[in-house]
Each structure stands twice: as C-alpha cells, then as structure tokens.
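Here's the structure, in structure tokens; my notes come after.
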Amino acid sequence: EVQLQASGGGLVQAGGSLRLSCKGSGFTFDDYSIGWFRQAPGKEREGVSAIKVRDGNTYSADSVQGRFTISSDATKNTVYLQMNSLKPEDTAVYYCAADFRGYGLGYLLSGGMDYWGKGTQVTVSS
C-alpha cells in the first residue's frame, strides 16, 4: 500500500524558512514522481514543485521559482521542500503526492497525481 506522510509545517514570519518532508512507504521510491501541492482556504489546489526521483529532474511553479527547492533522498524514501523567503500568500495546507505513470512534471502538477498523503499546515504571518 502506497503511503505518504508529510511533515514540517508550522508558523513562520514573512521572510522566514521552513523545510517540509514527505516520507513514502509501500512502493519503490525511485520509480515515482513526487510532488508538492498546496491549498489555501477558499482557493483551488495549486501544484508547487515536483521531482522525478530516479533522475532528479525537477519542476516548480512560477509562484515559487527562486524561493522553493525540491530535493530527494532515495536512501530515506523522502522528498524535501525547502521554502525560503516565505510570504503570507504561501499560507496553505501542503500535501505531497506520488505518481508512477511517468508523465511530465508540469502535467502532473496541473493535473494531479495518483497517491496522496495528509497535509501539513504552513502559516506565514506578516
């Protein structure tokens, strides 16, 4: 059974940093694309960043380019999202997701992935 556990959320002031972790189990980590999504109250879900674990290829939304960095540690079955220069508009519940289908990362971030974990709340105060 594919399971994903997101952690690392919290309350931070604008300009601060957080690192989210997504630990996977029940699947061969290297074979998947892992993505981070977020959803703020009253807004649609937004794809943030994604990575193909096997080759390290990454893709990030324009809204987080230059501020957020996605990386993976396959030895720990974990993907990280380093978030710097946080803004109040980054406040949302952040979810990690996994997909085996091999589609392009931009497509996956716009269309969703197969497996989802529970979210972690990120709150950025002004």
Side-chain angles (χ1 to χ4, degrees):
E1 178 187 5
V2 174
Q3 292 188 335
L4 298 161
Q5 179 64 52
S7 62
L11 173 64
V12 64
Q13 288 188 333
S17 298
L18 282 174
R19 189 177 78 159
L20 304 184
S21 299
C22 175
K23 185 169 178 61
S25 61
F27 61 100
T28 304
F29 205 67
D30 284 6
D31 292 340
Y32 280 68
S33 297
I34 307 294
W36 285 98
F37 297 77
R38 66 187 181 186
Q39 188 163 22
K43 294 188 177 182
E44 292 187 354
R45 185 183 66 199
E46 176 189 15
V48 176
S49 293
I51 185 168
K52 285 187 184 285
V53 177
R54 185 173 298 279
D55 62 16
N57 187 33
T58 64
Y59 182 93
S60 293
D62 290 344
S63 59
V64 303
Q65 282 277 359
R67 300 188 300 122
F68 291 10
T69 302
I70 189 169
S71 62
S72 67
D73 185 344
T75 65
K76 297 181 179 179
N77 279 15
T78 302
V79 166
Y80 303 99
L81 185 68
Q82 178 66 44
M83 306 186 296
N84 299 327
S85 302
L86 282 161
K87 305 175 182 180
E89 51 263 44
D90 294 318
T91 295
V93 178
Y94 283 70
Y95 301 88
C96 63
D99 199 281
F100 182 68
R101 294 171 291 171
Y103 294 154
L105 295 178
Y107 175 84
L108 291 174
L109 282 181
S110 65
M113 295 188 174
D114 279 343
Y115 302 99
W116 294 82
K118 294 182 179 179
T120 184
Q121 175 71 46
V122 172
T123 303
V124 185
S125 63
S126 57

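What you are looking at is a predicted structure, and each value in this text was computed from that prediction instead of being measured. Along the sequence shown, residues carry numbers from 1.
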Q: May I ask you to decide if the ring planes of Trp116 and Tyr95 are parallel, tilted or perpendicular, using 30° and 60° as cut-offs?
A: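 Perpendicular: the ring planes of Trp116 and Tyr95 meet at over 60°.
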Q | Over all atoms of both residues, closest heavy-atom pair of Gly24 and Leu4 | A |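 That closest heavy-atom pairing would be CA-CD2, 4.0 Å.
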(Q) Testing the basics here: between Leu18 and Gly8, what is the closest heavy-atom pair and its distance to 0.1 Å? (A) CD2-O, 3.9 Å
Treating Ile, Leu, Val, Met, Phe, Trp and Tyr as nodes and any side-chain heavy-atom pair under 4.5 angstrom as an edge, say whether [X] and [Y] lie in one connected cluster.
X     : Y     : value
Ile70 : Tyr32 : yes
Val12 : Tyr94 : yes
Leu11 : Leu20 : no

If you measure from [atom1] on [X] to [atom2] on [Y], what distance do you get to the nearest 0.5 Å?
X      : Y     : atom1 : atom2 : value
Cys22  : Phe29 : SG    : CZ    : 6.0 Å
Thr123 : Asp90 : OG1   : CG    : 11.0 Å
Ser72  : Asp55 : OG    : CG    : 9.5 Å

Q) So does Gln13 have more than 12 non-hydrogen atoms from other groups sitting under 6.0 Å from CD? A) no
Q. Is it the case that more than 12 heavy atoms not belonging to Phe27 sit under 6.0 Å from its CZ atom?
A. yes
Q.
Run Asp73 and Thr75 through side chain to side chain donor-acceptor pair (under 3.5 Å) and show every step you take.
A. CA-CA 5 Å; Asp73 185 344; Thr75 65; 2.4 Å; yes
With a 4.5 Å cut-off on side-chain heavy atoms, are [Y] and [X] touching?
X      : Y      : value
Cys96  : Val79  : no
Met83  : Val48  : no
Val64  : Arg38  : yes
Val2   : Asp114 : no
Leu105 : Lys52  : yes

Q: Step through it carefully: locate the ring centre of Trp36, locate the ring centre of Phe68, and say whether they are under 6.0 Å apart.
A: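 Between Phe68 and Trp36, which both carry aromatic rings, the centre distance is not below 6.0 Å.
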Q.
For Asn77, give me all partners under side-chain hydrogen bond (donor to acceptor under 3.5 Å, both in side chains), at least two apart in sequence or on another chain.
A.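 So Asn77 forms no side-chain hydrogen bond (donor to acceptor under 3.5 Å, both in side chains) with any residue.
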Q. Going through the distances and angles, do Ser63 and Glu89 end up as a side chain to side chain donor-acceptor pair (under 3.5 Å)?
A. CA-CA 10 Å; Ser63 59; Glu89 51 263 44; over 6 Å; no
